[in-house]
S.K.: 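Input: one structure, supplied below.
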Protein chains: 2
Amino acid sequence: MRIEDEIKQEKFSSVYTKLLINIVYTGNKISFKTNEILKEKNLTLQQYNVLRILRGQHPNPATVNMIIDRMLDKMSNASRIVDKLELKKLAQRTMNKVDKRCADVLITSKGLALLNELDEEIKASEKSVIHLTLKEVKTLNDLLDKLRG
Amino acid sequence: MRIEDEIKQEKFSSVYTKLLINIVYTGNKISFKTNEILKEKNLTLQQYNVLRILRGQHPNPATVNMIIDRMLDKMSNASRIVDKLELKKLAQRTMNKVDKRCADVLITSKGLALLNELDEEIKASEKSVIHLTLKEVKTLNDLLDKLRG
DNA sequence: ACATAATATCTGTATATACATATATTTGTA
DNA sequence: TACAAATATATGTATATACAGATATTATGT
């Protein structure tokens, strides 16, 4: 469905503005679905993303800075998201021995298990929402990579 | 730059997950630039988007429901964003004569003037951030439209 | 070694947001 | 017509977020 019909707007001030709106709208739409699944597990999208970053590092720890660097939403407050994950025993913070400014953040086995539970469901949801062939998925990825320069 | 390098993650649990991350990351990156410009005018991204919706209707009023329908982020609270715009005299609410449940929302001349000031700057910023040919922009728009089904 | 800058993280505070619920009005139906 | 359901919006409340410092530690230049 054309983005014009989706948000009921025929004209955009430029093709670039239209593209940005299309990207953000589409991202939100897919994220919305994922969010529904996460809600059942009492996770926010950002908490989920940080958990995945921690799993990517496991069994090595990440630092808060590393998390900020890899987060999708650079605006947000990584330190407090880690607070929330720690509160739920999904992650654990320990002081870095070498650089005492850094906090080592590790995903716990409970965190790993939770992600494991979610993996298949979210993968299936994303696949069912993305109406593209594998070739189109690749083209789209390549164009987005090129877009950012 | 490949999304893998951008967020320093080599493997994704599926190509669909990778695509979603790529879309959200790219949208955030462009939005971040736009947000910098809006901050100088004391506008949030969402307030800006609602203002543009109101301009699209002008000189006819929009209703809150219409705004929700056209917003990029369906999660958010349109009524309170209109509150903020009204507080800044950028929009105005009046009761709909026919259906008293509805609030007619109109952009003010101050709102129109503000958008006018922003138009060129934001258009230029978006264009400079999107490193694609016009043909690629079109392909990307088409693929995103198809993705959503 | 000392002072200064840079870095990593944390925290106070104001604002924004999500969610559930409340309120008012209109629509549909028996 | 009366009454339940649907619709449009607003609001209370808990939580999340952004932003601006604050704090602690490490790196750098002299």
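In what follows, every chain begins at residue 1, and chains take the letters A, B, ... in the order their sequences are listed.
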S.K.: D:dT9, C:dC19, D:dC19: which one has an atom nearest the side-chain heavy atoms of B:Cys102?
M.R.: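 Closest nucleotide to the B:Cys102 side chain: D:dT9.
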
S.K.: Could you tell me whether B:Gln92 atom CD has more than 12 heavy atoms of other residues or ligands within 6.0 Å of it?
M.R.: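 For B:Gln92, atom CD is not crowded (no more than 12 foreign heavy atoms under 6.0 Å).
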
S.K.: Can you sort out which residues in residues 82-101 of chain A have a heavy atom within less than 4.0 Å of DNA chain D? Ascending by number, please.
M.R.: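 Nucleic-acid contacts, sorted: A:Lys84, A:Val98, A:Asp99, A:Lys100, A:Arg101.
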
S.K.: Is A:Gln46 near enough to D:dT17 that one of its side-chain N or O atoms lies under 4.0 angstrom from OP1 or OP2?
M.R.: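 Checking A:Gln46 against D:dT17: at least one side-chain N or O falls below 4.0 Å of OP1 or OP2.
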
S.K.: Rounding to an integer number of Å, can you tell me how far B:Leu38 CG sits from D:dA18 P?
M.R.: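 The distance from CG of B:Leu38 to P of D:dA18 comes to 15 Å, rounded to the nearest Å.
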
S.K.: Looking at residues at least two apart in the chain, or sitting in another chain, which of them share a side chain to side chain donor-acceptor pair (under 3.5 Å) with B:Arg55?
M.R.: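 Only B:Asp119 meet the side chain to side chain donor-acceptor pair (under 3.5 Å) criterion with B:Arg55.
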
S.K.: Tell me which of B:Asp104 and A:Thr44 sits closer to the 5' end of DNA chain D, going by the nucleotide each one is nearest to.
M.R.: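 Closer to the 5' end of DNA chain D: B:Asp104.
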
S.K.: Is the phosphate of C:dC10 approached by A:Ser79 (side-chain N or O, under 4.0 Å from OP1 or OP2)?
M.R.: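 Yes, because at least one side-chain N or O of A:Ser79 sits under 4.0 Å from OP1 or OP2 of C:dC10.
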
S.K.: Give the rounded distance in Å between these two atoms: NZ of B:Lys39 and P of C:dA16.
M.R.: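 The distance from NZ of B:Lys39 to P of C:dA16 comes to 13 Å, rounded to the nearest Å.
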
S.K.: Can you list everything that forms a side chain to side chain donor-acceptor pair (under 3.5 Å) with A:Ser128? Sequence neighbours excluded, please.
M.R.: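 A:Ser128 satisfies side chain to side chain donor-acceptor pair (under 3.5 Å) with no other residue.
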
S.K.: How many Å lie between CG on A:Leu45 and P on D:dT17, as a whole number?
M.R.: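 Distance check: A:Leu45 CG to D:dT17 P gives 10 Å.
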
S.K.: Between A:Asn77 and D:dA18, does any side-chain N or O lie under 4.0 Å from OP1 or OP2?
M.R.: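 Answer no for this pair, as no side-chain N or O of A:Asn77 is under 4.0 Å from OP1 or OP2.
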
S.K.: Nearest whole angstrom, please: distance from the P of D:dA14 to the CG of A:Asn42.
M.R.: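 Spelled out: CG on A:Asn42 to P on D:dA14 is 16 Å.
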
S.K.: When you look at NZ of B:Lys88, are more than 12 heavy atoms from neighbouring residues, nucleotides or ligands closer to it than 6.0 Å?
M.R.: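 Correct, the count exceeds 12.
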
S.K.: Expressed in angstrom and rounded to an integer, what is the separation of B:Asn35 atom CG from C:dT15 atom C1'?
M.R.: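 Roughly 14 Å, once rounded to whole Å.
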
S.K.: Pull out every residue in residues 49-59 of chain A that has a heavy atom closer than 4.0 Å to any atom of DNA chain D, ordered by number, or say none.
M.R.: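 Residues of residues 49-59 of chain A under 4.0 Å from DNA chain D: none.
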
S.K.: Under the salt bridge (charged side-chain N to carboxylate O under 4.0 Å, His left out) rule, what pairs show up with a residue in residues 23-39 of chain B, not counting sequence neighbours?
M.R.: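 Matches after skipping sequence neighbours: B:Glu6-B:Lys29, B:Glu36-B:Lys39.
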
S.K.: Measuring from the side chain of A:Arg80 (C-beta onward, heavy atoms only), which nucleotide among C:dT9, D:dA16, C:dT13 has the closest atom?
M.R.: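 Given the options C:dT9, D:dA16, C:dT13, the side chain of A:Arg80 is closest to C:dT13.
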
S.K.: Residues in side chain to side chain donor-acceptor pair (under 3.5 Å) with B:Asp104, at least two apart?
M.R.: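 Residues passing side chain to side chain donor-acceptor pair (under 3.5 Å) with B:Asp104: B:Asn96.
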
S.K.: Would you say A:Thr26's side chain and A:Asn22's backbone share a donor-acceptor pair under 3.5 angstrom?
M.R.: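 Yes, because the side chain of A:Thr26 sits within donor-acceptor range (under 3.5 Å) of the backbone of A:Asn22.
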
S.K.: Rounding to a whole Å, what distance do you find between B:Met66:CE and D:dT7:P?
M.R.: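 Nearest whole value for this atom pair: 16 Å.
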
S.K.: Mind checking what makes side chain to side chain donor-acceptor pair (under 3.5 Å) contact with A:Arg101, not counting sequence neighbours?
M.R.: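 With neighbours one apart ignored, the set is A:Asp99.
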
S.K.: What's the OH-P distance between A:Tyr48 and D:dA16, to the nearest Å?
M.R.: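 That distance rounds to 19 Å.
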
S.K.: Does C:dT9 have OP1 or OP2 sitting under 4.0 Å from an N or O in the side chain of A:Asn65?
M.R.: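 So the side chain of A:Asn65 is within the cut-off, an N or O lying under 4.0 Å from OP1 or OP2 of C:dT9.
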
S.K.: Please, which pairs that meet salt bridge (charged side-chain N to carboxylate O under 4.0 Å, His left out) have at least one residue in residues 41-52 of chain A, sequence neighbours excluded?
M.R.: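 Sorted result for residues 41-52 of chain A: A:Lys41-A:Glu117.
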
S.K.: Using atom CZ of A:Phe32 as one end and atom P of C:dT17 as the other, report the distance to the nearest whole Å.
M.R.: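 Spelled out: CZ on A:Phe32 to P on C:dT17 is 16 Å.
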
S.K.: Can you tell me which residue pairs pass the salt bridge (charged side-chain N to carboxylate O under 4.0 Å, His left out) test with a partner in residues 8-23 of chain A, sequence neighbours excluded?
M.R.: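 Of all non-adjacent pairs touching residues 8-23 of chain A, those that pass salt bridge (charged side-chain N to carboxylate O under 4.0 Å, His left out) are A:Arg2-A:Glu10, A:Glu4-A:Lys18, A:Lys8-B:Asp69.
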
